[in-house]
Protein chains: 2
Amino acid sequence: MSFVIPTLKTLALKGATKEFISVSTRLFGKTLGISQQMASNRLVKLAEMELIKRRRSGRGGQDILITREGMALLRKEYGDYQRIFQEARDIELSGKVSSGLGEGQYYLGQVEYIDQIEQMLGFKPFPGTLNITVTPEEYSKLDLLPDSAIIQIGGFEADGRTFGKADCIPASIDKIECAIIIPKRSHHTDVLEIISASQLRSKLKLEDGDGVIVNCKLRHCNFEA
Amino acid sequence: MSFVIPTLKTLALKGATKEFISVSTRLFGKTLGISQQMASNRLVKLAEMELIKRRRSGRGGQDILITREGMALLRKEYGDYQRIFQEARDIELSGKVSSGLGEGQYYLGQVEYIDQIEQMLGFKPFPGTLNITVTPEEYSKLDLLPDSAIIQIGGFEADGRTFGKADCIPASIDKIECAIIIPKRSHHTDVLEIISASQLRSKLKLEDGDGVIVNCKLRHCNFEA
DNA sequence: ATTACTAACAAGCGAGTAC
DNA sequence: TGTACTCGCTTGTTAGTAA
């Protein structure tokens, strides 16, 4: 699957990031230095992976648009290069405090999750989340994070039910240590759920609609064991 | 050769950009999701291509450092992503006017070169170059340019001599149209040679040591024919 | 513990071709 | 024009192993 990134990148450079662009397999193959057949094959596979959307256009042609997942892949790649050239400005997400129970809330009622969070993040979470509504553009900044910045919370089974996995991203709000928690299954793109050792809403005197900035913590990545 | 970029990128993320880092083929393979043998193989090939430098370190280990050529490759890749995410700030190189005959000068005495420049760049070059001394860091910004921004001037033979190729990059200085000319063979990393329709030195009233900024022109890239 | 060879296998690729 | 299938050939990959 080593062709995925270069192929996607080439499509992105042609402008398939925002709208459908017309792509012929012959010309596309030429720009990639491969045959028409392989170009066709790659587009088929990319479509199967749901990294691009394809649409037939009159007399045999086709139009291509990169999906959200595809863009997330490219954005992560971009983040890598920013880090290489040390222009990785800190990743900050800004949004507004909002009410409503998120799914992350649910995690804080399960002992297995609480124990994992305490062990992995170093604090015992307050049993409640602070919800922050962000724009999809802000949300997509999370894709810039390297894998090393993401802490996986494992799922488990209890009472015959399965409890899913979640990603945690260590962060801070107004210098207060916290973490973004993202349940693996559910894909919102507009609300961040924040956990912390204390109740952030009262500690920071936040009310619905107040603007907040979440600073994601980056760690240096080393070889894995 | 599709492994080159991902392998180099991984090494860069580990810190092989500035100094030798210790790399074991087993662990390196693990981070790349390939076998120890393949990791070894890739490092050998990267070294053959002179994209990395290798050095043995005690009891079988090895140290890796990415070469200038390797970094140039990564920087070009980085430029692509900047363009995808539309954060491609204009590429500007700043330096100081200097004297001395550059090699580019030589091109402007050959009719075959003059004709090509006029045809490709749209102006008949003044028979002399403006030399601009830049830091290696500034110079390396040229690696961010996409291939589509670079115009190739072909070589030729005459009088039993071979005359080499050159790259031209359309640019401007103080809104005056010009181009950077880079002979293919010679690798300076500290002086830019500028050609233009008129004598820039007199037109812009420049003297040795004056600071100038060269703005590279980017064109939109489309599918090639 | 290393690195890197060889041999067997798998995956990637392009030519030819059908639609 | 266009896409995409099958079929050989080539290349990439791993296991086993030597150093």
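To find a chain, count down the sequence lines: A is the first, B the second, and so on, and within it residues start at 1.
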N/O donor-acceptor pair under 3.5 Å between B/Ser24 side chain and B/Gly61 backbone: no
Out of [options], whichever nucleotide has its closest atom nearest the side chain of [X]:
X       : options                : answer
A/Lys45 : C/dG14, D/dT14, C/dG12 : C/dG12
B/Arg42 : C/dA4, D/dT13, C/dG14  : D/dT13
B/Val44 : D/dA4, C/dG14, C/dA4   : C/dA4
A/Gln36 : D/dT3, D/dC5, C/dT2    : D/dT3

Heavy-atom side-chain contact between B/Lys141 and B/Arg75 under 4.5 Å: no
Note, A/Ile153 side chain near A/Asp167 side chain (heavy atom, < 4.5 Å): no
Tell me: [atom1] of [X] to [atom2] of [N], nearest whole Å?
X       : N      : atom1 : atom2 : result
A/Leu43 : D/dT3  : CG    : P     : 8 Å
A/Lys30 : D/dT3  : NZ    : P     : 14 Å
B/Met38 : C/dT6  : CE    : C1'   : 14 Å
B/Asn41 : C/dA7  : CG    : P     : 16 Å
A/Ile34 : D/dT10 : CD1   : C1'   : 16 Å
A/Phe28 : D/dG2  : CZ    : C1'   : 16 Å
A/Gln62 : D/dA4  : CD    : C1'   : 10 Å
A/Arg54 : D/dT3  : CZ    : C1'   : 8 Å

Using a cut-off of strictly less than 4.0 Å, decide whether [X] has a side-chain nitrogen or oxygen near OP1 or OP2 of [N].
X       : N      : value
A/Thr25 : D/dT3  : yes
A/Arg26 : D/dA4  : no
B/Gln37 : D/dT14 : no
B/Ser40 : C/dT3  : no

Toward the 5' end of DNA chain D, by each residue's nearest nucleotide, A/Ser2 or A/Arg56: A/Arg56
Neighbour count above 12 (heavy atom, 6.0 Å) for A/Glu50 CD: no
Result of checking B/Leu46, B/Ile34, B/Asn41 against B/Phe3 for side-chain contact (heavy atoms from CB on, under 4.5 Å): B/Leu46
